[in-house]
Amino acid sequence: MQLGTAPSSSTTPLGWRPATPVYEPRCAEATVLHRVLSRHLVPFLDQARTDEGQGVPLFVERELRRFLACGDLRRGFARVHCDDCHKDRLVPFSCKGRGFCPSCGGRRMAERAAHLVDHVLPPVPFRQWVLSLPYALRYRMAYDHELCRAVLAVMTRALMSFQRQRAKKIGITDPTDPHTGTVTVIQRFGGGLRLNVHFHTLLPDGVFVIDETTGATSFIELPPPTDDDVARLVLTIGRRIARLLERRGLLTDPYDDQADEAPALAALQQASIRGVRALGPEAGRLVARLRNPALARPAPSARPLHAHLEGFDLHAAVAIDADDRDALERLCRYLGRPAIAQDHLKQLDSGQVRVELRHPWSDGTTHLDFTPHELIGRLAAFVPRPRVNLVLYHGVFAPNAKHRSAVVSYGREAEPAPAADNAAAQPNASPPRYWAWADLMRRAFGIDVLECPECGGRMRVLTTITDSKIISAILDHLAGRGPPSAPPPPSLLH
């Protein structure tokens, strides 16, 4: 279920706030993405079958089709009611897509960030380490999740070893080795709607010391890394990943496997990584760009805490203080943001879709123009395989780590004990796994979606409607309040 539009993916890691905390129910069918997919999805799927001999994999087609049902009242809804003025609102169900849906991605972003800050990341300083990879490796990792996890393991071992070695240099050894861990979000997208599998890893700027006898836990903050540290790390990570690929026989032809298994998806992903068109007579040509020469700038020769080597790029300039939990939550939202923002899309009179870039490129490019088929192809490339986890934990943050409970509870206030009459019923009560969307909107954006727009009273969910006959009867009744030939007014449907 959803109660509003997703936040823009154009947010910055630390400074973004919504301009005005006002809730405006969305009309899914009025968005550019919905219009494009509803009109061009079937022709796109047909063209993929024609060009490549077989279409996109079934899990990709399902994700694209399910998006068209996201926010569609005809697929079911909840009835929200105000007891004071008796105003009703119908809230449609969401598609729960993981590939590109801005609304579902926005909910997942806010929910995951709240969970990490409240229940995983203790109040210690954290640093974000971002690792980007060579194009050929991005392509293989886009469909080979086992390889993706192996490459990530190389990175996390290098980072955790780096922290432990620095801790030992200042004498943190006995009676126990220093402990650390990472939380990584695997992002599958980059600027310009390109497929770019890369890692955003949160690593404490220090180590935990745990007394094995008493269980007492303390945190030792370490100095921030230097430019030389980052340069040595990217060299180490690059060499270890090269050895991993050599052991697996993947250095000779990195583009072979998927082209045989799913040729259409392979073509879409390769084109997305390179920023070119994938299907049709103009396949291989660059996507049309809009440039503003006044915004062109030379690429910076050097940036702090940033190193690049043979396609491997490591960046570690974003750090969060221990007591700035709001900034940490904003950073976690940035890590989990959706791949595309509705307010960055505009459909032109020609039928093409203009995508606004978050930041102008160094050549002054500010917008890209996609045909509908090109845009759908880029969305298809983002869809992960089913049952693939895009948030991974290592070290002391791993689910079965010996000291995980001691670390995640470090520095937090003890939660109040349950009431006497409730303690017996819930002896091992744990925090809820899922947040209500209204609570997430209030926490993330300061918007109270359950405040009645008419009288300011409290609205509540009365029931959910999934029976197709009842849905049709309700929608027909609402549509009957206006002109007979007019569609249901958005104010009545939301």
Side-chain angles (χ1 to χ4, degrees), residues 28-29 31-70 72 75 95-102 104 135-136 138-145 147-148 188-189 192-197 253-288 339-340 345 347-348 350-353 355 368-388:
E29 296 182 357
T31 63
V32 173
L33 272 185
H34 193 282
R35 290 200 302 267
V36 169
L37 266 78
S38 62
R39 298 172 185 173
H40 299 280
L41 177 56
V42 172
F44 165 80
L45 296 173
D46 291 340
Q47 185 178 14
R49 295 187 190 97
T50 301
D51 287 11
E52 302 298 337
Q54 72 180 70
V56 298
L58 184 58
F59 73 90
V60 175
E61 182 174 345
R62 284 175 177 168
E63 182 94 359
L64 294 170
R65 291 186 182 278
R66 278 193 338 204
F67 172 77
L68 293 176
C70 189
D72 187 350
R75 306 300 179 99
C95 66
K96 298 179 175 61
R98 302 176 64 222
F100 59 88
C101 177
C104 297
Y135 282 3
R138 297 178 193 179
Y139 167 77
R140 288 205 68 101
M141 289 167 48
Y143 71 90
D144 187 347
H145 189 61
L147 174 63
C148 185
R188 293 177 58 86
F189 57 90
L193 293 186
R194 289 189 179 188
L195 177 64
N196 178 11
V197 180
D253 187 1
Y255 293 102
D256 57 354
D257 294 350
Q258 191 186 13
D260 297 330
E261 177 187 345
L265 184 59
L268 292 173
Q269 291 182 339
Q270 288 189 41
S272 179
I273 290 171
R274 295 165 52 206
V276 299
R277 297 170 178 173
L279 302 174
E282 295 188 343
R285 294 187 59 182
L286 289 173
V287 173
I340 190 170
L345 303 179
Q347 192 155 26
L348 307 178
S350 62
Q352 290 191 321
V353 179
V355 178
L368 301 175
D369 287 352
F370 295 90
T371 67
H373 285 199
E374 290 167 1
L375 180 63
I376 298 174
R378 293 295 178 93
L379 301 179
F382 291 152
V383 178
R385 289 178 177 269
R387 295 174 293 280
V388 163

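- Counting all heavy atoms, side chain and backbone alike, A271 lies closest to A278 at CB-CB, 3.5 Å.
- Among residues two or more places apart in sequence or in another chain, the salt bridge (charged side-chain N to carboxylate O under 4.0 Å, His left out) test is passed with R285 by E282.
- Every residue was checked against the side-chain hydrogen bond (donor to acceptor under 3.5 Å, both in side chains) condition with H145, not counting sequence neighbours, and none meets it.
- Here the closest non-hydrogen pair linking G275 and R194 is CA-NE, 3.5 Å.
- Here CD of Q269 is found 9.0 Å from OH of Y143. Values are rounded to the nearest 0.5 Å.
- Looking at residues two or more places apart in sequence or on another chain, you find no side-chain hydrogen bond (donor to acceptor under 3.5 Å, both in side chains) involving R39.
- Interatomic distance, SG of C101 versus CG of L64, reported as 11.5 Å (0.5 Å rounding).
- Using cut-offs of 30° and 60° for the angle between ring planes, the H34 and F67 rings count as tilted.
- Here the options are L195, L379, L193, the test is side-chain contact (heavy atoms from CB on, under 4.5 Å), and the partner is S272; only L195 passes.
- Although no hydrogens or angles enter the test, the distance criterion places a donor-acceptor pair under 3.5 Å between the side chain of R98 and the main chain of V388.
- Note that NE2 of H373 and CG of L41 are 9.0 Å apart. Values are rounded to the nearest 0.5 Å.
- A search for side-chain hydrogen bond (donor to acceptor under 3.5 Å, both in side chains) contacts involving R138 returns N196, not counting sequence neighbours.
- When all heavy atoms of A142 and R188 are compared, the closest pair comes out as O-NH1, 3.0 Å.
- Note that CG of L68 and CD of E29 are 9.5 Å apart. Values are rounded to the nearest 0.5 Å.
- The distance from the CD1 atom of I376 to the CG atom of L33 is 9.5 Å, given to the nearest 0.5 Å.
- Taking all atoms of both residues into account, the shortest heavy-atom contact from L268 to A380 is CD1-CB, 4.0 Å.
- Side-chain contact between V355 and L345: present, with at least one pair of heavy atoms (C-beta onward) separated by less than 4.5 Å.
- The CZ atom of R378 sits 7.5 Å away from the CG atom of L368 when rounded to the nearest 0.5 Å.
- Listed by chain and number, the residues in a ring pair (Phe, Tyr, Trp, His ring centres under 6.0 Å) with F382 amount to none (sequence neighbours excluded).
- E61 meets the side-chain hydrogen bond (donor to acceptor under 3.5 Å, both in side chains) test with R65; sequence neighbours excluded.
- Closest approach of A339 and G99 over heavy atoms only: CB-O, 4.2 Å.
- For the pair R385 (side chain) and F59 (backbone), a donor-acceptor distance under 3.5 Å is absent.
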**Item:** V60 vs E63, side-chain contact (heavy atoms from CB on, under 4.5 Å): CA-CA, chis, key distance, verdict
**Value:** CA-CA 5 Å; V60 175; E63 182 94 359; 5.8 Å; no
